[in-house]
Trainee: 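Quick one: the structure is below, questions incoming.
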Amino acid sequence: MKILVCISHVPDTTSRINFTDNNTRFDTTGVQFIVGPYDDYALARAVELKESLGASVTVLNIGTADTEPTLRKALAIGADDAIRVNAQPVDSYFVAAQIAAQAREGNYDLILMGRESIDYNGGVVHAMVGELLGMPSVSPVMKLDIEGGIAKMAREIEGGKEYLEAPLPLVLGCQEPIAEWKIPNMRGIMSARTKPLKVVEAVPADSGVQLKQYELPPPKGAVKMIPADHVEELVRLLKNEAKVL
Amino acid sequence: MNILVFAELSEGKVKSNSIEAIAFARALSKSVTVVVMGKSDEESLSGLGKYGAVKVIWADDDRLSAGIIQAYASVITQVFHAINADVLVAADSSLATPVAARAAIKLQASLATNVVEVPQPGENLEVKRGIFTGKAFARVILSKPKKVITIKKNAAEVKEHEGSATVERFSPQLNDADFKIRILSSEKATGHILLPEADIVVSGGRGMKGPEHWGMLEELARVLNAATGCSKPVSDMGWRPHHEHVGQTGVKVAPQLYIAVGISGAIQHLAGVNSSKCIVVINKDPDAPFFKAADYGIVGDAFEIIPKLTEAIKAVR
Ligand SMILES: Cc1cc2nc3c(=O)[nH]c(=O)nc-3n(C[C@H](O)[C@H](O)[C@H](O)COP(=O)(O)OP(=O)(O)OC[C@H]3O[C@@H](n4cnc5c(N)ncnc54)[C@H](O)[C@@H]3O)c2cc1C
Ligand SMILES: Nc1ncnc2c1ncn2[C@@H]1O[C@H](COP(=O)(O)O)[C@@H](O)[C@H]1O
């Protein structure tokens, strides 16, 4: 079985977000980058499937050379090889088109992603790749087993879960608790240095979405503190001042 | 501008977030058609006129009663072409967002998800969408002739209009290849208000000490007609189901009122709640970071405050 895991390279979840160049560029000063948290779950499950069923795991990122440490980290966690499509990802369709192009070449049985990137928050790349490749897509997948070419899954729905199955090949958007995040060990880190990392050029893709400007939310006003023995005062304020009751 | 809205049904009725999508479309154009799939009834559907829909196209094929992403995208695309639409609008959800994305590919449309307000009408739409999980916004221009937009809760104000919508049945061309996914079964909490749709959310953190103490939060939620949520460690420890976990890696909520009890306010939790209109924080630690993101705060023991708060609310409701 051949598994492709698509990983985004995103600011650490604790990062403060700032912009430069007249609010047209994300300010990376002092920002620590990580494998997208949902993508990290997808990767962890792929490595588990490799161990239990025997599979090859390729990781793919669309990004500039800055993302290579993130790809190396994925190799250290257990992926066999990596591909970087050398381009600044501009939006979901652009990313999906690159992934689809790589997937056609590699003939994967399973394409795993995160349910959502935590920078762009599209929640759509898996569905777009599925459509581009004519494959079913499922998201958010919280449980995945493969038996005889059939994927058995649990998907989160509003207020619960849904159990489903589909034949491979498939594209999945993953989330916890599909697997536990894996931390690379020393051997993994050493071997990652020599695992193959291929750099390829992007295919043309016009998404028809152009960035105009970034914006930060307006600053929050000061909190009003209410003494613990005056809960009625809180209720009064919620009703008459905030008008939310 | 001809707008098609994909409305999701829950037990035959259009979901409240989908009604916001109709309101969003109506704010852009008077020519609003709604497509629904699966079991419903004429009366509820024609009632969508009240929110600004002119026509409802109803694909009531049995195979469409379960939400299959591929099949839904295919039906929507057929309807989009049939009515000569320019824009598709839906409310973000774990079903509608991927459906809209697949439809956008079929239609070769510009796509924006997570849109937070109604744009100015025009040939190129400039939309504002949430990025970095609620920490920022991006204004993007959708420049292809066809556009697909999915919206976040509270992106549009629901206004009442005159009249009812005409309901038209539609028999789509269904392709076996669109039904490769088989839904075997589902587990769904019934009688609860769904977290992504709730106007009020009562959320508990590790400060609640254990699942046995959730009764008091559920009671508070009941008197407020609210949904219950929790922090990530609470769902990780199995105190609450996973779908209640709010934050960067969980559900993003945007209620009128978010009440956080015994939650410290880690940045990953705040990312899921910072679109709330009003935030109340109850925590025994005056230095809990959540107070900085709150509108109202009480420093004190949740176990003493929550029952009192519940009584005080009962008194005014
Ligand atoms: C990649 C990543 C993603 C994450 N995603 C999420 C996410 O989506 N959502 C999320 O919630 N977290 C997320 N986290 C975890 C997050 O960092 C925090 O660890 C978590 O939010 C803390 O949960 P808590 O506030 O319930 O617990 P704690 O931090 O332990 O806080 C408990 C609070 O309860 C208070 N308290 C204790 N007793 C009482 C009492 N009797 N009365 C009143 N108050 C009391 C304490 O003062 C304290 O402030 C993520 C972390 C990482 C690394
Ligand atoms: N630049 C990228 N390179 C590789 N995969 C990506 C990239 N951006 C997004 N993805 C994948 O697509 C998923 C969904 O992204 P999105 O639709 O932007 O929320 C992510 O969780 C990743 O698995």
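Chain identifiers are assigned alphabetically (A, B, ...) following the order of the sequence lines, protein sequences preceding nucleic acid strands; residue numbering begins at 1 within each chain.
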Trainee: Would you say the side-chain atoms of A/D12 and A/T14 include a donor-acceptor pair closer than 3.5 Å?
Mentor: yes

Trainee: Answer with yes or no whether the side chains of B/S275 and B/K152 bring together a donor and an acceptor at under 3.5 Å.
Mentor: yes

Trainee: Given that the side chain runs from C-beta out, which part of A/M153 has a heavy atom under 4.5 Å from chain B: side chain, backbone, both or neither?
Mentor: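 It is neither, since no heavy atom gets under 4.5 Å.
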
Trainee: Is it true that a side-chain atom of B/R102 and a backbone atom of A/G130 form a donor plus acceptor pair closer than 3.5 Å?
Mentor: yes

Trainee: Under 4.5 Å from any heavy atom of chain A, what part of B/S10 do you find: side chain, backbone, both or neither?
Mentor: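 Interface part for B/S10: neither.
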
Trainee: Which bit of B/L195 comes within less than 4.5 Å of chain A, counting heavy atoms only: side chain, backbone, both or neither?
Mentor: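 No part of it gets close to chain A.
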
Trainee: Going by the angle between their ring planes, with limits at 30° and 60°, are A/F19 and A/Y214 parallel, tilted or perpendicular?
Mentor: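 Ring orientation of A/F19 relative to A/Y214: parallel.
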
Trainee: Going by distance alone, is a donor N or O of one side chain under 3.5 Å from an acceptor N or O of the other, for B/S264 and B/N283?
Mentor: no

Trainee: Going by atom types alone, do B/D92 and B/T150 pair a side-chain donor with an acceptor below 3.5 Å?
Mentor: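 Note: B/D92 and B/T150 side chains meet the donor-acceptor criterion.
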
Trainee: Select one option (side chain, backbone, both, neither) describing which atoms of B/A293 are under 4.5 Å from chain A's heavy atoms.
Mentor: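 Answer is backbone: N, CA, C or O of B/A293 sit under 4.5 Å from chain A.
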
Trainee: Given that the side chain runs from C-beta out, which part of B/Q108 has a heavy atom under 4.5 Å from chain A: side chain, backbone, both or neither?
Mentor: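 Looking at B/Q108, nothing touches chain A.
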
Trainee: Among the options B/K147, B/Q256, B/K188, B/R182, pick out the one with the most heavy-atom pairs lying under 4.5 Å from chain A.
Mentor: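 Looking at each option in turn, the highest pair count goes to B/R182.
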
Trainee: For B/N114, which atoms come within 4.5 Å of any heavy atom of chain A: side chain, backbone, both, or neither?
Mentor: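 Just its side chain gets close to chain A.
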
Trainee: Please determine, among B/E197, B/R317, B/Q248, the option with the most heavy-atom pairs under 4.5 Å with chain A.
Mentor: B/Q248

Trainee: Using a cut-off of under 4.5 Å on heavy-atom pairs, state which of B/H242, B/E126, B/K128 scores highest against chain A.
Mentor: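 Top option by heavy-atom pairs under 4.5 Å: B/H242.
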
Trainee: Highest number of heavy-atom pairs under 4.5 Å with chain A: which of B/V299, B/I305, B/I141, B/I183?
Mentor: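 It is B/I141.
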
Trainee: Looking at A/L144, is its backbone amide N or carbonyl O close enough to the side chain of A/R45 to form a donor-acceptor pair, meaning the two atoms are under 3.5 Å apart?
Mentor: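 Yes, because the side chain of A/R45 sits within donor-acceptor range (under 3.5 Å) of the backbone of A/L144.
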
